[in-house]
Structures are given as C-alpha cells and as structure tokens.
Amino acid sequence: MKLRTVAFLTLAAGALGVGLTSALQREYKSGIVFPEPKVVTPGEKPGDAPSDANILFDGKDLSKFTNGDKWEIKDGYASTKATDITTKESFGDMQLHLEFATPEKVDPKQTGQARGNSGVYIMGKYEVQILDSFDNKTYFDGQCASLYKQQPPMVNVCRKPGEWQTYDILFEAPKFAEDGKVLKPAICTVFHNGVCVQNHFELKGGTYYDQAAKYVKHAEKLPFRLQNHGNPVKFRNIWVRDIAMLVGKEPEKKD
Ligand code: MG
C-alpha cells in the first residue's frame, strides 16, 4: 500500500472514529445459521433453579421419585431411609444440581465407607460418590466426589459433617452402536461446593463395587438414583436441566 493511501485511510478512519486496523479489516462470518439461544432467567442466588429447570425436589415431597414416600421429609429436606429412590423421569445429557449433608453426629466406630455414604447413580449406573470425607480416610477413588472406583476428585473440598454441600454435575450420556460397541463414552464434570473436582472425565463404564468398570449398552435416557447406604444423609434443592449444544446450519457449498 502506498504511503499516501495509508495516510488518507488513517485520516478517514480518524474522522469516522474507528481505528486504522478496523478500517482495513473485514469482519469474518462463518455463514453458519444458528437458532437463537432461548432466554432463561437465572435463579436469584447461586444454586437456585433457573427458569427452565425441572425441579425434582423443592423440600416438600419426593413424588417425582419412585420410593420417594419411603424417605423422611421434614424442615425442607429429605433423609435417606430403607431404600434407594429413583427419578420417575429419564435423563440423558444433563446438568444436575443437588445439595446434601452427611450426618452431623459422627460415630467414631464408623470409618471409611461407613460414614455418610450415599451417592448419585446417574442413569442408574455411574456413581458420583457421596461420603463424609471430612477427616475420614478411605480409598481415594471411593471418597466424596469420586467417580466410584474410577477417578478420585482432584481436591477434597468436603465441608464438616452436618453442613450443607452442593454438587453441580454435567453429564453426557454414552452412545452405543447397534451391536453394543461404545461410540462415545459417558463424560462427567463435577463441581463440589463450587470447586471443579472432575473435569470432563471419560468414564470407563458403569461403576461397581465388586467388578471392573464396563459398559453394557443401554437407552439414551434413563432415570437417576439416590443411594440409601444405611447412613441418614440429607438432600434438598434437586433440579435438572436437559443440555444440548445448539447446532447451526452450515452454508451450502458453491462449486
Ligand atoms: Mg455410595
């Protein structure tokens, strides 16, 4: 570019109130036509359900869970009792928020896995462990916020027994071929008390106590289960959102 032209463009850009760089730049456009993101009103405080959440437990009743009537409900929370409870609805890719508290009274005779044990069995198969891991050692891939027997949390951010804690879980369901081959593993991200403890972990299969992880082909959407492990763990404020990346329409290719 000749010096005179540059000088002219600089002056013109200055007169228009834009920088020289932007005067010379052409905006890049991918040409992909995206649907407009839906408007969602966030909750008032962190952890509050946004406007598009499916509220599964708001402190009143567990009617959205099979066997929900078996658990005790008082003062806006539910306590594990007698049996696991399972959502009546099925979920695939999702964001799940829940709050829990392990028992305030600690029996010193109960240690390791016997203290404040519960769990979130996503799709009934993939457990995000709930345990009192505050000053209570166990195997690391079985402590609170582990993906059971597959991956310990990156850090231990457990609050004291009896204190309310949060899980914010992002889960992508696995995809299977007709013959059961895994096309895409399940992927899980977990925030424990707001701290990232699992980052996009590719699960090796279902989580088991007595065998190695393995995949068994299943439906695209399935209910999740909250575990009763004999310790009265409290739950409150449980909500879920379906999550799906917006897919745009690629521009037609011209020859
Ligand atoms: Mg458990």
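For ligands, and for the atoms within them, numbers begin at 1 and follow the listed sequence.
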### Message
Between the Mg ion (ligand 1) and Glu127, which N, O or S atom of the residue is the nearest one?
### Response
OE2
### Heavy-atom side-chain proximity of Tyr77 to Asp75 below 4.5 angstrom
yes
### Query
Please state the angle at the Mg ion (ligand 1) spanned by OE1 of Gln227 and O of Ser118: what is it, rounded to 10 degrees?
80°
### Query
From the Mg ion (ligand 1) out to just under 2.8 Å, does an N/O/S atom of Tyr148 turn up?
no
### Query
Has Gln113 got an N/O/S atom less than 2.8 Å from the Mg ion (ligand 1)?
no
### Task
Measure from the ring center of His97 to the ring center of Tyr167 and say whether it is less than 6.0 Å.
no
### Summary
Only one of Thr86, Thr87, Asp84 passes side chain to side chain donor-acceptor pair (under 3.5 Å) with Arg225, and that residue is Asp84
### Task
Examine the side chains of Gln129 and Gln113 and answer whether a donor and an acceptor come within less than 3.5 Å of each other.
yes
